[in-house]
Amino acid sequence: MKHKILLVLLLGFMTCLTVSAQKVTLQFRQVKLTKVFDAITQQTGLTVAYSRPTVDPDRMVTIEAKDEDLSNVLSKLFTGTNVAFEIGEKKIYLKEKKTSDSLQQTRKTKKISGTVLDEKGEPVIGASILVDETSNGTITNIDGEYSLTGVPENSTLTISYVGYKTIKLKASDKNLSNIILQEDSELIDEVVVVGYGVQRKRDVTGAMTSVDATKIASVPVTSASEALQGRASGVLVSQDNWAPGTSPSVLIRGKRSINASNEPLYVVDGVPITGGLREISPSDIASMEVLKDASATAIYGSRGANGVVLITTKQGKDGKTQVDYSGYFGVQTMQNKLDLMNGAQYAEYVREAYRNTNSSNKYPMDHPDKAADMANPMFKQDAYVLESLMMAYDENGNYDPSRIRSDNWFDHVTRDGIITDHQISVNGGNAKTNFLASATYNKNEGIMKDQSYERYSIRLNLNHEINKWFKFGLQTQYSHSVKERGSGMESDAYMYRISPLGALRNEDGTPTQLVASDAQMWNPLMNLEKGAVSAPEKVSRYLGSYYIEVTFPVEGLKFKSNLGLDARTKQDYQFYSSNTSTRQLGTSYAYNGMSKYTMMTLENMLFYNRDFGKDHTVGVTLLQSIQEDKTESNKIGVQDITSDKLLYNDLASSSIIDNIGSNLTKWTMASFMGRLNYSYKERYLFTGSVRYDGSSRLAEGHKWVAFPSVALAWRVSEEAFMKRQNVMSNLKLRAGWGKTGNSAIDPYMTRGGLSLSKYVWDNGASEVLGYAPSIMANSELTWETTKQWNVGIDFGFLNNRLSGTVDLYLQHTSDLLLERQIPVVSGFGSVLSNVGETKNKGIEISLSTLNVNTRAFQWTTDVMFYANKESIESLYNGKVDDVGNKWFIGHPINVHYDYEKIGIWQNTSEDLAEMSEFNKNGASFKPGDIKIWDNGDKKITEADRKILGSTSPKFIASMVNNITYKGFDFSIFLYASAGAMLNNNIEYLNKPN
């Protein structure tokens with residue numbers, strides 16, 4: 001009851017304030033008078049009544065007021081005009097002011113005209129020329145020209161344009177005929193999204209990179225994460241699988257964890273999500289901000305160690321409803337197609353293999369011979385192969401390898417891929433409500449003929465302001481995608497051994513089963529037959545963000561509550577008929593699996609932002625958050641379906657149940673966060689935060705962990721001694737430290753695990769189920785933790801024609817989750833523990849230049865360089881290498897550890913002598929074999945294996961040139977990744993004798 005009484009009193013108090021408080025806050029620059037009227041109505045509830053021509057609603061005005069009385073603001077607005085005002089109970093009445101006719105007659109006026117140009121001599125279109133304290137004004141035309149009559153001789157004129165410094169000139173000033181405006185780099189403060197709010201870019205103290213909609217739209221990408229490649233320093237975007245619907249891997253400042261994920265946290269419209277960005281259309285995104293250092297990511301606590309990507313989707317705009325369409329069509333080709341042997345090369349390969357055998361099938365000649373070829377078991381076992389080979393011989397037995405008939409199976413299963421994307425959007429709104437609705441269709445026909453991806457998505461974003469106290473909105477998206485994965489034949493090592501001499505199709509056009517009558521070489525073309533293989537993965541996903549925002553009658557105090565939903569259903573279907581290279585004429589196989597993921601987040605935020613005098617600015621953010629994640633899944637796999645036409649839709653018609661299972665996983669997290677931003681004279685900046693996370697994943701007594709951070713910045717360019725020069729337009733020094741976590745512990749891991757076992761009972765008469773411990777419990781498990789230092793500099797020269805940032809960082813990750821070996825008498829061989837450490841350090845450089853900027857032609861260049869060095873500092877046995885897992889102290893996490901191939905043994909006296917030394921110690925080298933690096937003991941052992949390279953590049957760099965000419969834009973994107981060693985996954989298998 002007490003709470004209800006307090007609520008009623010509070011509402012009554014707010015109502016009284018609404019009626020009696022006639023104070024407004026306005027900040028407009030060169031806008032129509034009607035927009036100012038709308039803002040006054042919105043803040044006071046008073047409508048503005050007026051009539052033409054007494055009041056010109058299209059007059060351009062500039063007004064700034066902060067919590068001022070309404071009457072003072074109206075006086076400023078109509079100073080120098082013949083408009084008087086009267087504030088009523090529900091309306092503001094504007095009427096003509098009575099003035100002395102004699103005064104009007106005695107005022108002498110004149111006509112002025114001229115041009116307005118920029119510093120390069122280009123016309124400034126739409127610049128405003130306004131007589132001070134009057135409504136008399138005009139704007140420049142397409143040539144920068146203007147003309148204005150009725151200008152009092154002793155008056156002052158204000159000339160202004162967005163992005164340029166405003167100037168004032170007397171009506172008698174000769175410079176009015178040729179006005180030069182200078183660019184003002186400080187006039188427009190770019191606003192960027194930071195965690196739980198927005199901030200002027202000039203006030204940011206942490207390391208972050210922003211990629212806006214223009215940059216995203218400049219490249220034809222199918223996923224948002226691809227748009228980050230080469231456009232965000234410190235971010236490595238790589239893709240080792242170009243199958244349609246496959247998302248690239250994103251790493252921010254290297255790898256920290258050995259066993260856990262290194263993917264960053266994605267936050268879409270304030271909602272943290274998992275599962276990547278594949279279902280989010282890039283054309284719906286307004287901006288992506290990448291938070292990189294711990295001082296920026298610590299506010300996300302146990303999920304911020306790998307960096308954070310903040311995604312803001314597009315919103316509606318005030319004004320007329322606008323309909324936009326965008327689309328593109330592209331072709332994908334293989335840049336480096338595998339160079340497989342043709343028929344002649346393969347035939348010689350087989351001959352050479354049989355020349356080196358000691359069996360009765362040894363090839364007797366050192367050159368091709370018709371009789372020897374006809375006797376060779378690899379050629380004579382298949383009539384089509386032998387026929388293909390015999391085409392090379394004429395009636396006299398002369399051999400011409402160019403006449404051999406050959407085929408290439410890879411050409412039959414590949415094609416040029418096609419990408420197409422279409423989006424239509426509708427947006428609009430007014431002073432109180434804005435909306436955006438969009439629909440997107442994306443399709444990708446893959447390089448492999450049995451692979452494709454198709455996605456449909458719809459979006460609705462809506463914001464509405466009920467009054468100056470209360471606002472609400474929503475951002476929603478639903479998407480449905482179908483990814484056809486195909487048979488996977490491109491990753492089957494045996495396929496690359498298929499003889500190019502064999503037949504791939506029968507005379508009737510149907511695929512052969514065994515190529516070249518080889519019992520191991522099943523024809524991949526069988527997989528392309530209609531109904532042979534179907535492996536779609538269907539994903540339906542709903543993302544929703546709903547908020548309410550309350551502005552209190554206390555300056556700078558605001559409350560916001562945000563509810564986030566991420567609901568995803570994945571249907572995993574697979575069918576392989578018996579007549580495929582996978583099933584090899586055995587039984588057919590079908591699989592039907594489904595998983596449902598649901599995430600709910602509720603965040604309550606309190607903001608307090610206020611200026612204290614001219615020198616002090618304070619911003620406080622408080623957060624309380626709860627999150628629940630739940631995953632439900634079930635699956636069943638069967639063999640021998642009654643009819644291939646049933647695919648995976650009627651598994652009960654099978655005779656063999658292969659596997660069956662279901663699962664439920666659920667975890668929750670609660671969080672509290674506080675952040676303080678302080679600015680002194682807009683030169684000295686401070687940001688401090690701490691987040692306190694508690695999770696059900698951790699054991700009792702260890703559930704809560706704190707993640708603090710602090711950052712400082714000095715805007716040197718605002719100091720008085722910097723004002724005496726005009727070369728450096730911006731200089732800011734930054735330093736920060738923070739602690740973040742990686743929520744890498746799977747639910748229930750701290751409690752251990754049981755495994756299902758089947759026991760034979762009663763001398764084999766019956767089988768019963770039982771459970772046995774399989775995972776040892778460890779109640780001491782906690783998050784992997786990263787501590788990071790960052791120093792940076794932001795700079796700009798020549799009015800920011802050249803600008804950029806440089807960041808240096810050092811991060812140390814501890815409490816890595818590794819399996820620590822324990823005595824087997826405990827019943828377990830190992831236990832998951834927090835024992836490892838890694839380190840990353842690197843440099844990031846970003847440069848932007850404005851090369852040419854005229855009315856018709858603009859050319860900008862963005863350059864990025866990023867180098868990172870990662871290393872393992874310790875493992876479960878301290879600073880001892882784990883050779884089995886290829887983990888080495890002082891080296892990157894992922895390395896290639898193998899024998900180094902340094903050449904081919906030759907049939908020379910030197911090589912023969914050296915080979916004999918190796919062969920005395922157990923080797924069997926002969927000319928033609930691969931020569932392996934040796935440590936000098938003339939023995940090829942495990943001691944000769946070495947680290948050949950790493951999967952991580954030593955540096956990445958990019959250059960983007962954007963050129964715009966009279967409405968047409970052109971972009972050149974160059975990207976380089978150097979120092980990484982790739983692994984050839986195609987396994988080379990020798991042919992049997």
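Atom set for the values below is all heavy atoms of this structure, side chains included, hydrogens, waters and symmetry mates excluded. On a predicted model such as this, the values are computed, not experimentally measured, just so you know.
Here the closest heavy-atom approach between residue Gly304 and residue Thr297 is recorded as O-OG1, 3.3 Å. Across all their heavy atoms, Pro264 and Ile252 have their closest contact at CB-CD1, 3.7 Å. Scanning both residues, Gly195 and Arg675, for their nearest heavy atoms gives O-NH1, 2.7 Å. The shortest heavy-atom contact between Glu484 and Pro536 is OE1-N, 3.7 Å. Taking all atoms of both residues into account, the shortest heavy-atom contact from Trp667 to Ser695 is CE3-OG, 4.4 Å. The shortest non-hydrogen separation linking Phe686 to Gly688 is CE2-N, 3.7 Å.
Other residues, nucleotides and ligands place more than 12 heavy atoms under 6.0 Å from the CE atom of Met749. The neighbour count for Lys432 NZ, taken as heavy atoms of other residues, nucleotides or ligands under 6.0 Å away, is above 12. By the neighbour-count criterion of 12 heavy atoms within 6.0 Å, atom NZ of Lys703 is densely surrounded, having more than that number from other residues, nucleotides or ligands.
Sorted by first and then second residue, the ring pair (Phe, Tyr, Trp, His ring centres under 6.0 Å) pairs involving residues 194-235 (not counting sequence neighbours) are Tyr196-Tyr300. Identified under the salt bridge (charged side-chain N to carboxylate O under 4.0 Å, His left out) test for residues 273-285, with sequence neighbours left out: Glu226-Arg278, Glu279-Arg541, Asp284-Arg459.
Residues Asp212 and Ser287 have side chains that never bring a donor and an acceptor to within less than 3.5 angstrom of each other. Side-chain contact check for Ser709 and Ser689: at least one donor-acceptor pair (N or O, by modelled atom type) lies under 3.5 Å. With hydrogens and angles left out, the side-chain atoms of Arg455 and Ser479 include no donor and acceptor closer than 3.5 Å. Using modelled atom types and a 3.5 Å distance limit, the side chains of Tyr597 and Thr274 yield a donor-acceptor pair. Gln571 and Tyr573 are linked by a side-chain donor-acceptor pair at a separation below 3.5 angstrom, with hydrogens and angles left out of the test. A donor and an acceptor atom, one from each side chain of Thr813 and Thr786, are located under 3.5 Å apart. Asp969 and Thr964 form no side-chain donor-acceptor contact under 3.5 Å, judged by distance and modelled atom types alone.
Panel note: side chain Gln322, backbone Gly428; no donor-acceptor pair is recorded below 3.5 Å. Using modelled atom types, one side-chain atom of Asn259 and one backbone atom of Leu817 make a donor-acceptor pair closer than 3.5 Å. No donor-acceptor pair under 3.5 Å is formed between the side chain of Asn868 and the backbone N or O of Gly842. Of the possible polar contacts, none joining the Tyr547 side chain to the Gly564 backbone as a donor-acceptor pair under 3.5 Å is found. Side chain of Lys732 to backbone of Arg202: a donor-acceptor contact under 3.5 angstrom is found. Of the possible donor and acceptor atoms, none in the side chain of Glu549 sits under 3.5 Å from a partner among the backbone N and O of Ser561. Between the side chain of Lys314 and the backbone N or O of Ala286, no donor-acceptor pair lies under 3.5 Å. Side-chain N or O atoms of Asp421 include none that pairs as donor or acceptor with a backbone N or O of Tyr328 at under 3.5 Å. For Glu784 (side chain) and Asn742 (main-chain N/O), no donor-acceptor pair under 3.5 Å exists by modelled atom type. Of the possible polar contacts, one joining the Asn840 side chain to the Lys255 backbone as a donor-acceptor pair under 3.5 Å is found.
For Tyr453, there are no side chain to side chain donor-acceptor pair (under 3.5 Å) partners two or more places apart in sequence or in a different chain. Under the salt bridge (charged side-chain N to carboxylate O under 4.0 Å, His left out) criterion, Glu870 pairs with no residue at all, not counting sequence neighbours. Residues passing the side chain to side chain donor-acceptor pair (under 3.5 Å) test with Thr838: none are found, sequence neighbours excluded. Residues that satisfy the side chain to side chain donor-acceptor pair (under 3.5 Å) test with Gln627, not counting sequence neighbours, are Arg303, Asp629.
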Verdict with supporting geometry, Glu289 and Ser210, side-chain hydrogen bond (donor to acceptor under 3.5 Å, both in side chains): CA-CA 4 Å; Glu289 274 76 24; Ser210 181; 2.8 Å; yes

Intermediate values then yes/no, side-chain contact (heavy atoms from CB on, under 4.5 Å), Ser671 and Arg691: CA-CA 7 Å; Ser671 304; Arg691 178 162 177 144; 3.0 Å; yes

Test side-chain hydrogen bond (donor to acceptor under 3.5 Å, both in side chains) applied to Ser233 and Ser846, step by step: CA-CA 7 Å; Ser233 61; Ser846 296; 3.3 Å; yes

Derivation of the side-chain hydrogen bond (donor to acceptor under 3.5 Å, both in side chains) call for Thr313 and Asn461: CA-CA 8 Å; Thr313 59; Asn461 290 354; 3.0 Å; yes

Derivation and outcome, salt bridge (Lys or Arg N to Asp or Glu O under 4.0 Å), residues Asp572 and Lys570: CA-CA 6 Å; Asp572 185 355; Lys570 182 170 72 173; 6.0 Å; no

CA sep, side-chain torsions, deciding dist, call: Val482, His480, side-chain contact (heavy atoms from CB on, under 4.5 Å): CA-CA 7 Å; Val482 180; His480 178 73; 3.8 Å; yes

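Here the options are Asp794, Asp293, Thr687, the test is side-chain hydrogen bond (donor to acceptor under 3.5 Å, both in side chains), and the partner is Arg734; only Asp794 passes. With Ser545 as reference, Asn562 is the one residue of Asp269, Thr476, Asn562 to meet the side-chain hydrogen bond (donor to acceptor under 3.5 Å, both in side chains) rule.
Using a 4.5 Å cut-off on side-chain heavy atoms (C-beta onward), Trp704 and Leu698 make no contact. With a 4.5 Å cut-off on side-chain heavy atoms, Leu462 and Thr433 count as touching.
Classification of the Tyr456-Tyr441 ring pair by plane angle, with boundaries at 30° and 60°, yields tilted.
If you take OG1 on Thr805 and CE on Met864, they are separated by 11.0 Å, rounding to the nearest 0.5 Å.
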